[in-house]
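Working notes for the structure below.
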Amino acid sequence: MNLASLSALVGEANISTTVEDRIVYSRDASRLEGECLAVVWPSHPEQVAGLVAWAEAEDVDLVPRGAGTGLCGGATPQRSVVVDLSRLTRIGPVDAEQRRVQVEAGVVLGSLNRRLAPHGLFLPVIPGSHRASSVGGMIATDAAGLRAVRYGTMADWVEEVTLVDGLGRWHHLTGEALRDAVGREGVTGFVVEAVLRLAPRPAQRTLSLVAFDDLAALLAQRDRWLADPRLTALEYLNRHAAEAIGWEARPHLLAEFDSDGGEIGDPDRIAALWQARDGLYPVLARRGYPVIEDPQIEGEGMAALLAWLEAEGIPTFGHLGVGIVHPCFSADDERVAALYERVAAEGGRVSGEHGIGLKKKAWTDAAFRAEVQRLKAQYDPHHRINRGKLC
Amino acid sequence: MLRELAENPPCIECGLCREVCPVFTILRQERISPRGLAILADRGIASVVFYQCTLCRACRVVCPVGHDPAGEQVRAQVVAQGVETEANRTMIENIRKYGNPFGPLEEGEIPKTLTCC
Ligand SMILES: Cc1cc2nc3c(=O)[nH]c(=O)nc-3n(C[C@H](O)[C@H](O)[C@H](O)COP(=O)(O)OP(=O)(O)OC[C@H]3O[C@@H](n4cnc5c(N)ncnc54)[C@H](O)[C@@H]3O)c2cc1C
Ligand code: SF4
Ligand code: SF4
(Lines give C-alpha, C1' and ligand atoms only; values in the text may rest on other atoms or scores of the structure.)
(Ligands and ions follow the chains in the order given, each with its own letter.)
Protein backbone atom coordinates (compact mmCIF):
# COMPACT_ATOMS: atom_id res chain seq x y z
CA MET A 1 0.00 0.00 0.00
CA ASN A 2 1.26 3.43 -0.90
CA LEU A 3 0.82 5.33 2.33
CA ALA A 4 2.55 8.43 0.96
CA SER A 5 -0.25 9.03 -1.54
CA LEU A 6 -2.83 8.34 1.18
CA SER A 7 -1.08 10.77 3.45
CA ALA A 8 -1.12 13.39 0.67
CA LEU A 9 -4.89 13.00 0.51
CA VAL A 10 -5.86 13.28 4.17
CA GLY A 11 -2.69 14.30 6.02
CA GLU A 12 -0.23 12.05 7.82
CA ALA A 13 -1.89 12.54 11.20
CA ASN A 14 -5.12 11.11 9.82
CA ILE A 15 -3.88 7.67 8.84
CA SER A 16 -2.52 4.88 10.97
CA THR A 17 -1.07 1.43 10.60
CA THR A 18 -0.06 1.01 14.24
CA VAL A 19 -0.69 -2.33 15.91
CA GLU A 20 -3.02 -0.63 18.38
CA ASP A 21 -5.25 0.87 15.70
CA ARG A 22 -5.28 -2.25 13.59
CA ILE A 23 -6.43 -4.29 16.58
CA VAL A 24 -9.19 -1.99 17.81
CA TYR A 25 -10.58 -1.45 14.30
CA SER A 26 -10.61 -5.16 13.48
CA ARG A 27 -14.12 -5.62 14.98
CA ASP A 28 -17.38 -3.90 15.84
CA ALA A 29 -19.80 -4.42 18.73
CA SER A 30 -20.60 -7.91 17.36
CA ARG A 31 -16.98 -8.80 18.18
CA LEU A 32 -16.73 -10.62 14.86
CA GLU A 33 -13.04 -10.27 14.18
CA GLY A 34 -11.40 -9.50 10.83
CA GLU A 35 -8.15 -7.97 9.68
CA CYS A 36 -7.59 -4.24 9.45
CA LEU A 37 -4.70 -3.10 7.25
CA ALA A 38 -4.88 0.58 8.09
CA VAL A 39 -7.25 3.23 9.43
CA VAL A 40 -8.10 6.59 7.84
CA TRP A 41 -9.99 9.46 9.44
CA PRO A 42 -11.30 11.82 6.76
CA SER A 43 -11.97 15.36 7.99
CA HIS A 44 -14.18 16.48 5.07
CA PRO A 45 -16.70 14.63 2.88
CA GLU A 46 -14.65 15.64 -0.21
CA GLN A 47 -11.75 13.49 0.99
CA VAL A 48 -13.88 10.35 0.78
CA ALA A 49 -14.03 10.39 -3.04
CA GLY A 50 -10.22 10.68 -3.06
CA LEU A 51 -9.99 7.66 -0.78
CA VAL A 52 -12.04 5.57 -3.18
CA ALA A 53 -9.75 6.53 -6.08
CA TRP A 54 -6.74 5.67 -3.90
CA ALA A 55 -8.23 2.26 -3.04
CA GLU A 56 -8.79 1.53 -6.73
CA ALA A 57 -5.18 2.43 -7.54
CA GLU A 58 -3.88 0.32 -4.64
CA ASP A 59 -6.29 -2.57 -5.23
CA VAL A 60 -7.50 -2.59 -1.63
CA ASP A 61 -11.03 -2.32 -0.29
CA LEU A 62 -12.52 0.12 2.19
CA VAL A 63 -14.87 -0.41 5.13
CA PRO A 64 -17.08 2.51 6.21
CA ARG A 65 -17.31 2.81 9.98
CA GLY A 66 -19.41 5.11 12.13
CA ALA A 67 -19.40 4.41 15.86
CA GLY A 68 -18.82 0.67 15.53
CA THR A 69 -21.91 -0.17 17.59
CA GLY A 70 -23.21 -2.44 14.83
CA LEU A 71 -24.09 -5.97 15.93
CA CYS A 72 -23.52 -8.02 12.77
CA GLY A 73 -19.93 -7.43 11.72
CA GLY A 74 -20.93 -4.81 9.15
CA ALA A 75 -17.93 -2.66 10.04
CA THR A 76 -15.55 -5.62 10.44
CA PRO A 77 -12.72 -5.39 7.89
CA GLN A 78 -11.48 -8.40 5.93
CA ARG A 79 -7.93 -7.38 5.01
CA SER A 80 -9.38 -3.94 4.36
CA VAL A 81 -8.66 -0.30 5.16
CA VAL A 82 -11.18 1.06 7.68
CA VAL A 83 -12.50 4.55 7.00
CA ASP A 84 -13.60 5.98 10.35
CA LEU A 85 -16.14 8.72 9.65
CA SER A 86 -16.34 9.86 13.30
CA ARG A 87 -14.71 13.19 12.48
CA LEU A 88 -17.37 14.22 9.97
CA THR A 89 -19.37 15.97 12.68
CA ARG A 90 -20.69 19.15 11.04
CA ILE A 91 -24.33 19.93 11.80
CA GLY A 92 -25.81 22.53 9.41
CA PRO A 93 -28.24 25.27 10.42
CA VAL A 94 -31.52 23.94 11.79
CA ASP A 95 -34.47 24.82 9.57
CA ALA A 96 -37.07 24.92 12.34
CA GLU A 97 -39.87 25.96 10.02
CA GLN A 98 -39.39 23.12 7.54
CA ARG A 99 -38.16 20.82 10.35
CA ARG A 100 -35.01 19.84 8.55
CA VAL A 101 -31.29 19.72 9.17
CA GLN A 102 -28.27 18.75 7.08
CA VAL A 103 -25.63 16.69 8.87
CA GLU A 104 -22.39 14.93 8.08
CA ALA A 105 -22.22 11.16 8.50
CA GLY A 106 -20.23 11.05 11.74
CA VAL A 107 -22.67 13.15 13.76
CA VAL A 108 -23.70 11.21 16.86
CA LEU A 109 -27.45 10.93 17.44
CA GLY A 110 -27.16 12.03 21.08
CA SER A 111 -25.28 15.23 20.12
CA LEU A 112 -27.70 15.96 17.29
CA ASN A 113 -30.70 15.72 19.58
CA ARG A 114 -29.03 17.94 22.17
CA ARG A 115 -28.44 20.52 19.42
CA LEU A 116 -32.07 20.27 18.29
CA ALA A 117 -33.62 20.51 21.77
CA PRO A 118 -33.70 24.34 21.93
CA HIS A 119 -35.67 24.32 18.67
CA GLY A 120 -38.26 21.96 20.18
CA LEU A 121 -37.30 19.28 17.63
CA PHE A 122 -35.60 15.89 17.57
CA LEU A 123 -34.69 13.01 15.31
CA PRO A 124 -37.11 10.47 16.76
CA VAL A 125 -35.38 7.23 15.68
CA ILE A 126 -33.83 6.09 18.96
CA PRO A 127 -31.84 2.83 18.90
CA GLY A 128 -30.70 1.47 22.25
CA SER A 129 -27.25 2.72 21.23
CA HIS A 130 -28.46 6.34 20.80
CA ARG A 131 -25.74 7.76 23.03
CA ALA A 132 -23.06 6.60 20.60
CA SER A 133 -24.40 5.62 17.17
CA SER A 134 -23.69 7.85 14.17
CA VAL A 135 -26.26 9.17 11.73
CA GLY A 136 -24.31 7.57 8.85
CA GLY A 137 -24.37 4.16 10.53
CA MET A 138 -28.05 4.56 11.35
CA ILE A 139 -28.87 5.38 7.74
CA ALA A 140 -26.73 2.50 6.49
CA THR A 141 -28.53 0.03 8.78
CA ASP A 142 -31.96 1.72 8.52
CA ALA A 143 -31.96 1.72 12.31
CA ALA A 144 -35.26 1.32 14.11
CA GLY A 145 -35.23 1.11 17.88
CA LEU A 146 -37.23 2.09 20.89
CA ARG A 147 -39.75 4.44 19.28
CA ALA A 148 -40.23 2.63 15.95
CA VAL A 149 -43.84 1.87 16.85
CA ARG A 150 -44.62 5.58 16.53
CA TYR A 151 -41.86 7.01 14.35
CA GLY A 152 -40.77 4.15 12.08
CA THR A 153 -37.17 3.70 10.95
CA MET A 154 -34.47 5.97 9.53
CA ALA A 155 -35.99 5.53 6.06
CA ASP A 156 -38.94 7.61 7.27
CA TRP A 157 -36.72 10.52 8.31
CA VAL A 158 -34.11 10.81 5.55
CA GLU A 159 -34.89 13.28 2.82
CA GLU A 160 -31.63 13.27 0.91
CA VAL A 161 -28.42 11.26 1.07
CA THR A 162 -25.11 12.28 -0.43
CA LEU A 163 -23.39 9.04 -1.39
CA VAL A 164 -19.87 8.49 -2.70
CA ASP A 165 -19.99 5.19 -4.58
CA GLY A 166 -17.37 2.54 -5.39
CA LEU A 167 -16.23 4.45 -8.47
CA GLY A 168 -15.84 7.68 -6.50
CA ARG A 169 -18.96 9.21 -8.07
CA TRP A 170 -21.22 11.53 -6.09
CA HIS A 171 -24.96 10.83 -5.90
CA HIS A 172 -27.59 13.07 -4.34
CA LEU A 173 -30.28 10.51 -3.69
CA THR A 174 -33.89 11.49 -3.00
CA GLY A 175 -37.30 9.82 -3.24
CA GLU A 176 -37.29 6.21 -4.40
CA ALA A 177 -33.54 6.28 -5.05
CA LEU A 178 -32.91 6.62 -1.30
CA ARG A 179 -33.51 2.88 -1.09
CA ASP A 180 -30.14 2.39 -2.78
CA ALA A 181 -28.37 3.77 0.29
CA VAL A 182 -30.71 3.53 3.30
CA GLY A 183 -30.42 0.09 4.87
CA ARG A 184 -27.76 -1.06 2.38
CA GLU A 185 -25.08 -1.27 5.08
CA GLY A 186 -22.53 0.60 3.01
CA VAL A 187 -22.34 -1.88 0.12
CA THR A 188 -23.33 0.83 -2.37
CA GLY A 189 -20.93 3.44 -1.01
CA PHE A 190 -20.22 5.96 1.71
CA VAL A 191 -23.04 8.05 3.09
CA VAL A 192 -21.15 11.30 3.66
CA GLU A 193 -24.00 13.73 4.28
CA ALA A 194 -27.77 13.65 4.71
CA VAL A 195 -30.73 15.94 5.02
CA LEU A 196 -32.93 14.69 7.85
CA ARG A 197 -36.56 15.42 8.63
CA LEU A 198 -37.27 16.20 12.28
CA ALA A 199 -40.20 15.73 14.63
CA PRO A 200 -41.60 18.09 17.26
CA ARG A 201 -40.38 17.12 20.70
CA PRO A 202 -43.33 16.08 22.89
CA ALA A 203 -43.87 18.40 25.85
CA GLN A 204 -44.47 15.49 28.21
CA ARG A 205 -43.57 11.83 28.44
CA THR A 206 -44.98 9.18 30.75
CA LEU A 207 -44.28 5.48 31.14
CA SER A 208 -46.16 2.36 32.17
CA LEU A 209 -44.27 -0.69 33.36
CA VAL A 210 -46.40 -3.80 33.82
CA ALA A 211 -45.44 -7.37 34.73
CA PHE A 212 -47.70 -10.19 33.51
CA ASP A 213 -48.47 -13.71 34.67
CA ASP A 214 -48.82 -15.15 31.21
CA LEU A 215 -48.14 -14.37 27.58
CA ALA A 216 -51.82 -14.20 26.56
CA ALA A 217 -52.49 -11.37 29.01
CA LEU A 218 -49.34 -9.58 27.83
CA LEU A 219 -50.34 -9.79 24.16
CA ALA A 220 -53.84 -8.58 24.94
CA GLN A 221 -52.37 -5.52 26.67
CA ARG A 222 -50.01 -5.00 23.71
CA ASP A 223 -53.02 -4.84 21.39
CA ARG A 224 -54.84 -2.36 23.62
CA TRP A 225 -51.80 -0.08 23.77
CA LEU A 226 -51.18 -0.34 20.04
CA ALA A 227 -54.58 1.23 19.51
CA ASP A 228 -53.68 4.20 21.74
CA PRO A 229 -52.61 7.21 19.61
CA ARG A 230 -50.46 8.54 22.48
CA LEU A 231 -48.15 5.48 22.41
CA THR A 232 -44.51 6.25 21.46
CA ALA A 233 -42.69 3.06 22.54
CA LEU A 234 -43.69 -0.49 23.41
CA GLU A 235 -40.88 -2.65 24.73
CA TYR A 236 -41.00 -6.29 25.79
CA LEU A 237 -38.80 -8.22 28.22
CA ASN A 238 -39.29 -11.90 28.91
CA ARG A 239 -38.75 -13.13 32.42
CA HIS A 240 -35.10 -14.10 31.84
CA ALA A 241 -34.27 -10.62 30.51
CA ALA A 242 -36.25 -8.83 33.23
CA GLU A 243 -34.48 -10.79 35.93
CA ALA A 244 -31.06 -9.90 34.47
CA ILE A 245 -31.61 -6.19 35.18
CA GLY A 246 -33.08 -6.77 38.62
CA TRP A 247 -36.76 -6.58 37.71
CA GLU A 248 -39.24 -9.18 38.88
CA ALA A 249 -38.72 -12.47 36.97
CA ARG A 250 -41.92 -12.16 34.95
CA PRO A 251 -42.59 -10.99 31.39
CA HIS A 252 -42.88 -7.19 31.22
CA LEU A 253 -44.13 -4.50 28.89
CA LEU A 254 -42.69 -1.00 29.07
CA ALA A 255 -44.85 1.54 27.27
CA GLU A 256 -44.12 5.20 26.67
CA PHE A 257 -46.71 7.88 25.87
CA ASP A 258 -46.26 11.40 24.58
CA SER A 259 -48.72 12.72 27.15
CA ASP A 260 -50.35 11.48 30.33
CA GLY A 261 -51.10 7.92 29.14
CA GLY A 262 -48.73 6.24 31.63
CA GLU A 263 -48.67 6.33 35.41
CA ILE A 264 -44.93 7.05 35.79
CA GLY A 265 -44.29 10.77 35.28
CA ASP A 266 -41.22 11.48 37.40
CA PRO A 267 -38.42 12.39 34.93
CA ASP A 268 -35.71 10.77 37.09
CA ARG A 269 -37.63 7.50 37.32
CA ILE A 270 -38.29 7.60 33.57
CA ALA A 271 -34.60 8.20 32.86
CA ALA A 272 -33.61 5.34 35.19
CA LEU A 273 -36.02 2.90 33.52
CA TRP A 274 -34.80 3.80 30.03
CA GLN A 275 -31.20 3.54 31.18
CA ALA A 276 -31.86 0.04 32.48
CA ARG A 277 -33.55 -0.83 29.19
CA ASP A 278 -30.63 0.62 27.14
CA GLY A 279 -28.20 -1.48 29.13
CA LEU A 280 -30.08 -4.74 28.66
CA TYR A 281 -27.98 -6.18 25.86
CA PRO A 282 -24.62 -5.35 27.51
CA VAL A 283 -25.86 -6.89 30.77
CA LEU A 284 -27.01 -10.07 29.01
CA ALA A 285 -23.74 -10.23 27.06
CA ARG A 286 -21.87 -10.00 30.34
CA ARG A 287 -24.00 -12.85 31.72
CA GLY A 288 -22.89 -15.13 28.93
CA TYR A 289 -25.36 -14.30 26.15
CA PRO A 290 -23.31 -12.13 23.76
CA VAL A 291 -24.97 -13.28 20.51
CA ILE A 292 -27.94 -11.01 19.89
CA GLU A 293 -30.42 -11.67 17.09
CA ASP A 294 -33.15 -9.39 15.70
CA PRO A 295 -35.86 -11.27 13.80
CA GLN A 296 -39.04 -9.43 12.88
CA ILE A 297 -42.38 -11.21 12.73
CA GLU A 298 -45.74 -9.55 12.30
CA GLY A 299 -49.02 -10.96 13.58
CA GLU A 300 -49.80 -14.38 14.96
CA GLY A 301 -46.38 -15.95 14.49
CA MET A 302 -44.96 -13.68 17.19
CA ALA A 303 -47.00 -15.31 19.98
CA ALA A 304 -45.66 -18.77 19.08
CA LEU A 305 -42.09 -17.45 18.84
CA LEU A 306 -42.25 -15.72 22.23
CA ALA A 307 -43.68 -18.87 23.84
CA TRP A 308 -40.86 -20.96 22.37
CA LEU A 309 -38.14 -18.51 23.49
CA GLU A 310 -39.56 -18.38 27.02
CA ALA A 311 -39.87 -22.18 27.23
CA GLU A 312 -36.30 -22.60 26.01
CA GLY A 313 -35.05 -20.19 28.66
CA ILE A 314 -33.61 -17.80 26.05
CA PRO A 315 -33.37 -14.24 27.41
CA THR A 316 -35.35 -12.06 25.02
CA PHE A 317 -36.40 -8.43 24.82
CA GLY A 318 -37.31 -6.08 22.01
CA HIS A 319 -39.52 -3.65 20.22
CA LEU A 320 -42.72 -5.67 20.40
CA GLY A 321 -44.75 -2.77 19.03
CA VAL A 322 -43.14 -3.40 15.61
CA GLY A 323 -42.57 -7.14 15.94
CA ILE A 324 -38.78 -7.00 16.42
CA VAL A 325 -37.35 -9.11 19.25
CA HIS A 326 -33.83 -9.72 20.47
CA PRO A 327 -33.25 -13.27 21.69
CA CYS A 328 -29.74 -13.50 23.15
CA PHE A 329 -27.60 -16.65 22.99
CA SER A 330 -24.29 -17.95 24.24
CA ALA A 331 -21.50 -18.04 21.63
CA ASP A 332 -21.99 -21.69 20.70
CA ASP A 333 -25.76 -22.05 21.06
CA GLU A 334 -27.07 -24.14 18.19
CA ARG A 335 -30.64 -22.97 18.73
CA VAL A 336 -29.93 -19.90 16.56
CA ALA A 337 -30.54 -22.12 13.53
CA ALA A 338 -33.84 -23.31 15.02
CA LEU A 339 -34.80 -19.68 15.61
CA TYR A 340 -34.31 -18.72 11.96
CA GLU A 341 -36.12 -21.84 10.74
CA ARG A 342 -39.11 -20.71 12.81
CA VAL A 343 -38.82 -17.14 11.53
CA ALA A 344 -38.72 -18.36 7.90
CA ALA A 345 -41.70 -20.66 8.49
CA GLU A 346 -43.71 -17.69 9.80
CA GLY A 347 -42.73 -15.49 6.83
CA GLY A 348 -40.69 -13.19 9.10
CA ARG A 349 -37.51 -11.21 8.38
CA VAL A 350 -34.05 -12.38 9.39
CA SER A 351 -33.14 -8.88 10.49
CA GLY A 352 -35.58 -6.27 11.71
CA GLU A 353 -32.97 -3.60 12.38
CA HIS A 354 -29.35 -4.65 12.98
CA GLY A 355 -28.65 -5.65 9.39
CA ILE A 356 -27.02 -8.65 7.76
CA GLY A 357 -23.34 -7.67 7.70
CA LEU A 358 -21.14 -10.77 7.87
CA LYS A 359 -23.07 -12.49 10.59
CA LYS A 360 -26.40 -13.23 8.95
CA LYS A 361 -25.38 -13.86 5.33
CA ALA A 362 -26.23 -17.54 5.70
CA TRP A 363 -29.88 -16.75 6.52
CA THR A 364 -30.64 -14.52 3.51
CA ASP A 365 -32.67 -15.75 0.52
CA ALA A 366 -31.91 -15.80 -3.20
CA ALA A 367 -34.05 -12.72 -3.99
CA PHE A 368 -32.14 -10.66 -1.42
CA ARG A 369 -28.78 -11.79 -2.78
CA ALA A 370 -29.84 -11.00 -6.36
CA GLU A 371 -30.88 -7.50 -5.28
CA VAL A 372 -27.55 -6.88 -3.56
CA GLN A 373 -25.66 -8.10 -6.64
CA ARG A 374 -27.70 -5.75 -8.85
CA LEU A 375 -26.87 -2.80 -6.58
CA LYS A 376 -23.21 -3.82 -6.45
CA ALA A 377 -23.04 -3.87 -10.26
CA GLN A 378 -24.59 -0.41 -10.41
CA TYR A 379 -22.71 1.37 -7.61
CA ASP A 380 -19.59 -0.62 -6.82
CA PRO A 381 -18.69 -3.00 -9.65
CA HIS A 382 -15.10 -3.47 -8.41
CA HIS A 383 -16.19 -4.30 -4.84
CA ARG A 384 -14.15 -1.50 -3.29
CA ILE A 385 -16.58 -0.77 -0.46
CA ASN A 386 -17.70 -3.29 2.17
CA ARG A 387 -16.54 -6.23 0.09
CA GLY A 388 -18.15 -9.54 1.03
CA LYS A 389 -20.87 -8.02 3.20
CA LEU A 390 -24.56 -8.99 2.81
CA CYS A 391 -23.92 -11.73 0.23
CA MET B 1 -20.36 7.77 43.97
CA LEU B 2 -18.37 4.94 42.47
CA ARG B 3 -18.39 1.77 44.48
CA GLU B 4 -15.22 -0.23 45.03
CA LEU B 5 -15.22 -3.27 42.81
CA ALA B 6 -15.08 -6.77 44.22
CA GLU B 7 -14.35 -7.83 40.65
CA ASN B 8 -13.99 -5.85 37.44
CA PRO B 9 -16.56 -7.02 34.87
CA PRO B 10 -14.95 -7.30 31.45
CA CYS B 11 -15.90 -4.84 28.70
CA ILE B 12 -18.35 -6.37 26.26
CA GLU B 13 -17.46 -3.80 23.56
CA CYS B 14 -20.89 -2.21 23.09
CA GLY B 15 -19.35 1.24 22.57
CA LEU B 16 -22.02 3.04 24.60
CA CYS B 17 -19.40 4.92 26.63
CA ARG B 18 -17.56 6.52 23.69
CA GLU B 19 -19.14 9.93 23.93
CA VAL B 20 -18.50 10.48 27.65
CA CYS B 21 -14.75 9.99 27.35
CA PRO B 22 -13.12 13.44 27.36
CA VAL B 23 -10.15 12.21 25.34
CA PHE B 24 -12.14 10.30 22.76
CA THR B 25 -14.49 13.21 22.12
CA ILE B 26 -11.51 15.32 21.05
CA LEU B 27 -9.42 12.75 19.13
CA ARG B 28 -12.27 10.53 17.88
CA GLN B 29 -9.96 7.53 17.56
CA GLU B 30 -11.19 4.16 18.79
CA ARG B 31 -7.89 3.23 20.45
CA ILE B 32 -8.37 5.92 23.10
CA SER B 33 -12.05 5.21 23.61
CA PRO B 34 -12.75 3.24 26.79
CA ARG B 35 -13.63 0.29 24.53
CA GLY B 36 -10.37 0.58 22.61
CA LEU B 37 -8.34 0.70 25.83
CA ALA B 38 -10.22 -2.36 27.13
CA ILE B 39 -9.50 -4.33 23.95
CA LEU B 40 -5.80 -3.44 24.10
CA ALA B 41 -5.55 -4.20 27.82
CA ASP B 42 -7.29 -7.52 27.28
CA ARG B 43 -4.69 -8.47 24.67
CA GLY B 44 -1.86 -7.46 26.98
CA ILE B 45 -0.58 -4.82 24.53
CA ALA B 46 2.00 -2.64 26.24
CA SER B 47 1.40 0.77 24.71
CA VAL B 48 1.85 4.44 25.46
CA VAL B 49 -1.83 4.83 24.50
CA PHE B 50 -2.70 4.00 28.12
CA TYR B 51 -1.10 7.26 29.22
CA GLN B 52 -3.70 9.20 27.22
CA CYS B 53 -6.50 8.10 29.56
CA THR B 54 -7.13 10.80 32.18
CA LEU B 55 -8.25 8.19 34.76
CA CYS B 56 -11.47 10.20 35.18
CA ARG B 57 -13.73 7.10 35.10
CA ALA B 58 -16.61 8.85 33.36
CA CYS B 59 -16.83 5.69 31.25
CA ARG B 60 -17.39 3.49 34.28
CA VAL B 61 -20.28 5.67 35.43
CA VAL B 62 -22.24 5.09 32.21
CA CYS B 63 -21.08 1.54 31.44
CA PRO B 64 -24.06 -0.83 31.70
CA VAL B 65 -21.87 -3.62 33.07
CA GLY B 66 -19.75 -1.35 35.27
CA HIS B 67 -16.43 -2.07 33.59
CA ASP B 68 -13.58 -0.12 35.18
CA PRO B 69 -10.70 0.85 32.89
CA ALA B 70 -8.35 0.37 35.87
CA GLY B 71 -5.92 2.81 34.31
CA GLU B 72 -3.55 2.82 37.28
CA GLN B 73 -3.07 -0.96 37.24
CA VAL B 74 -2.77 -1.10 33.48
CA ARG B 75 -0.14 1.65 33.54
CA ALA B 76 1.77 -0.13 36.29
CA GLN B 77 1.90 -3.23 34.09
CA VAL B 78 2.98 -1.17 31.10
CA VAL B 79 5.73 0.55 33.15
CA ALA B 80 6.87 -2.88 34.33
CA GLN B 81 7.32 -3.82 30.68
CA GLY B 82 9.49 -0.75 30.13
CA VAL B 83 6.96 1.23 28.10
CA GLU B 84 6.77 4.76 29.42
CA THR B 85 6.40 8.29 28.10
CA GLU B 86 9.15 10.81 28.77
CA ALA B 87 6.63 13.00 30.64
CA ASN B 88 5.60 10.14 32.93
CA ARG B 89 9.21 9.25 33.69
CA THR B 90 10.04 12.88 34.52
CA MET B 91 7.00 13.26 36.72
CA ILE B 92 7.73 10.13 38.74
CA GLU B 93 11.38 11.11 39.09
CA ASN B 94 10.38 14.59 40.30
CA ILE B 95 8.00 13.13 42.87
CA ARG B 96 10.72 10.78 44.15
CA LYS B 97 13.42 13.48 44.29
CA TYR B 98 11.49 16.63 45.19
CA GLY B 99 8.18 15.39 46.57
CA ASN B 100 6.21 17.06 43.80
CA PRO B 101 5.65 16.37 40.09
CA PHE B 102 7.07 19.74 38.93
CA GLY B 103 10.73 19.45 39.89
CA PRO B 104 12.82 21.72 42.14
CA LEU B 105 10.85 24.72 43.44
CA GLU B 106 11.94 27.59 45.66
CA GLU B 107 9.83 28.30 48.73
CA GLY B 108 6.52 29.80 47.43
CA GLU B 109 7.52 29.44 43.76
CA ILE B 110 4.69 28.56 41.37
CA PRO B 111 5.62 25.90 38.80
CA LYS B 112 6.06 27.22 35.26
CA THR B 113 5.50 23.94 33.50
CA LEU B 114 3.00 21.29 34.40
CA THR B 115 4.49 17.94 33.57
CA CYS B 116 1.72 15.51 33.04
CA CYS B 117 1.61 11.91 31.91
C1 LIG C 1 -26.36 -1.74 23.19
C2 LIG C 1 -26.80 -1.67 21.75
C3 LIG C 1 -28.15 -1.39 21.47
C4 LIG C 1 -28.57 -1.31 20.13
N5 LIG C 1 -29.88 -1.04 19.89
C6 LIG C 1 -30.32 -0.92 18.62
C7 LIG C 1 -31.70 -0.62 18.36
O8 LIG C 1 -32.51 -0.46 19.27
N9 LIG C 1 -32.06 -0.48 17.05
C10 LIG C 1 -31.17 -0.63 16.03
O11 LIG C 1 -31.58 -0.47 14.86
N12 LIG C 1 -29.88 -0.93 16.26
C13 LIG C 1 -29.42 -1.08 17.52
N14 LIG C 1 -28.10 -1.38 17.76
C15 LIG C 1 -27.18 -1.63 16.63
C16 LIG C 1 -26.41 -0.39 16.16
O17 LIG C 1 -26.25 0.53 17.19
C18 LIG C 1 -27.12 0.26 14.97
O19 LIG C 1 -27.05 -0.63 13.86
C20 LIG C 1 -26.50 1.61 14.56
O21 LIG C 1 -27.32 2.18 13.57
C22 LIG C 1 -25.07 1.49 14.04
O23 LIG C 1 -24.52 2.77 13.98
P24 LIG C 1 -22.91 2.97 14.00
O25 LIG C 1 -22.64 4.40 13.75
O26 LIG C 1 -22.35 2.40 15.23
O27 LIG C 1 -22.50 2.10 12.73
P28 LIG C 1 -21.30 1.07 12.56
O29 LIG C 1 -21.42 -0.04 13.53
O30 LIG C 1 -20.03 1.78 12.51
O31 LIG C 1 -21.63 0.51 11.10
C32 LIG C 1 -22.81 -0.22 10.85
C33 LIG C 1 -22.89 -0.56 9.36
O34 LIG C 1 -23.08 0.62 8.60
C35 LIG C 1 -21.97 0.84 7.72
N36 LIG C 1 -21.70 2.28 7.79
C37 LIG C 1 -21.41 3.02 8.91
N38 LIG C 1 -21.32 4.32 8.57
C39 LIG C 1 -21.52 4.41 7.24
C40 LIG C 1 -21.54 5.47 6.31
N41 LIG C 1 -21.35 6.73 6.71
N42 LIG C 1 -21.77 5.19 5.02
C43 LIG C 1 -22.00 3.92 4.59
N44 LIG C 1 -21.99 2.87 5.43
C45 LIG C 1 -21.77 3.11 6.74
C46 LIG C 1 -20.84 -0.04 8.23
O47 LIG C 1 -19.98 -0.42 7.19
C48 LIG C 1 -21.63 -1.20 8.79
O49 LIG C 1 -22.00 -2.06 7.77
C50 LIG C 1 -27.64 -1.49 19.08
C51 LIG C 1 -26.29 -1.73 19.38
C52 LIG C 1 -25.88 -1.82 20.70
C53 LIG C 1 -24.43 -2.08 20.98
S1 SF4 D 1 -16.58 -0.05 28.83
FE2 SF4 D 1 -18.74 -0.61 29.18
S3 SF4 D 1 -19.91 0.87 27.97
FE4 SF4 D 1 -17.80 0.95 27.23
S5 SF4 D 1 -17.74 -0.46 25.50
FE6 SF4 D 1 -17.09 -1.63 27.33
S7 SF4 D 1 -18.98 -2.58 28.10
FE8 SF4 D 1 -19.63 -0.95 26.67
S1 SF4 E 1 -11.24 6.91 32.53
FE2 SF4 E 1 -10.01 7.12 30.68
S3 SF4 E 1 -11.12 5.92 29.14
FE4 SF4 E 1 -12.58 6.30 30.80
S5 SF4 E 1 -13.63 8.19 30.21
FE6 SF4 E 1 -11.91 8.83 31.50
S7 SF4 E 1 -10.26 9.26 30.01
FE8 SF4 E 1 -11.80 8.05 28.91
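Letters go in sequence order (proteins before strands), and every chain restarts at 1. Everything quoted here is computed from the prediction, not taken from an experiment. For the numbers below, each heavy atom of this structure counts, side chains included, while hydrogens, waters and symmetry mates do not.
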Region of [X] that comes under 4.5 Å of a non-hydrogen atom in chain A:
| X | answer |
| --- | --- |
| B:V62 | both |
| B:R18 | side chain |
| B:I45 | side chain |
| B:L16 | both |
| B:C11 | backbone |

With a 4.5 angstrom heavy-atom cut-off, could you sort out which part of [X] is near chain B: side chain, backbone, both or neither?
| X | value |
| --- | --- |
| A:R287 | neither |
| A:V108 | side chain |
| A:S133 | neither |

Residues in ring-ring contact (aromatic ring centres under 6.0 Å, His included) with A:H252, at least two apart? A:W247

For chain B, the option from A:A67, A:G68, A:S129, A:A285 that forms the most heavy-atom pairs under 4.5 Å: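 Highest number of heavy-atom pairs under 4.5 Å: A:A67.
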
Counting heavy-atom pairs under 4.5 Å to chain B, which of A:H130, A:Q275, A:E33 comes out on top? A:E33

Atom of B:R28, atom of A:Y25 and distance for their closest heavy-atom approach: O-OH, 4.3 Å

Keeping B:N94 on the side-chain end and B:P101 on the backbone end, is there a donor-acceptor pair under 3.5 Å?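 A pair under 3.5 Å: yes.
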
Backbone of A:V10 reached by a side-chain donor or acceptor of A:N14 within 3.5 Å: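 The answer is yes, because a donor-acceptor pair under 3.5 Å joins these two groups.
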
Any Lys/Arg nitrogen of B:E93 or B:R96 sitting under 4.0 Å from an Asp/Glu carboxylate oxygen of the other?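 No, B:E93 and B:R96 are not salt-bridged.
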
Output yes when A:E185 and A:K389 qualify as a salt bridge under the 4.0 Å nitrogen-oxygen rule, no when they do not.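 Answer for the salt bridge query: no.
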
Taking the side chain as C-beta and beyond, is there a heavy-atom pair between A:L207 and A:L254 under 4.5 Å? yes

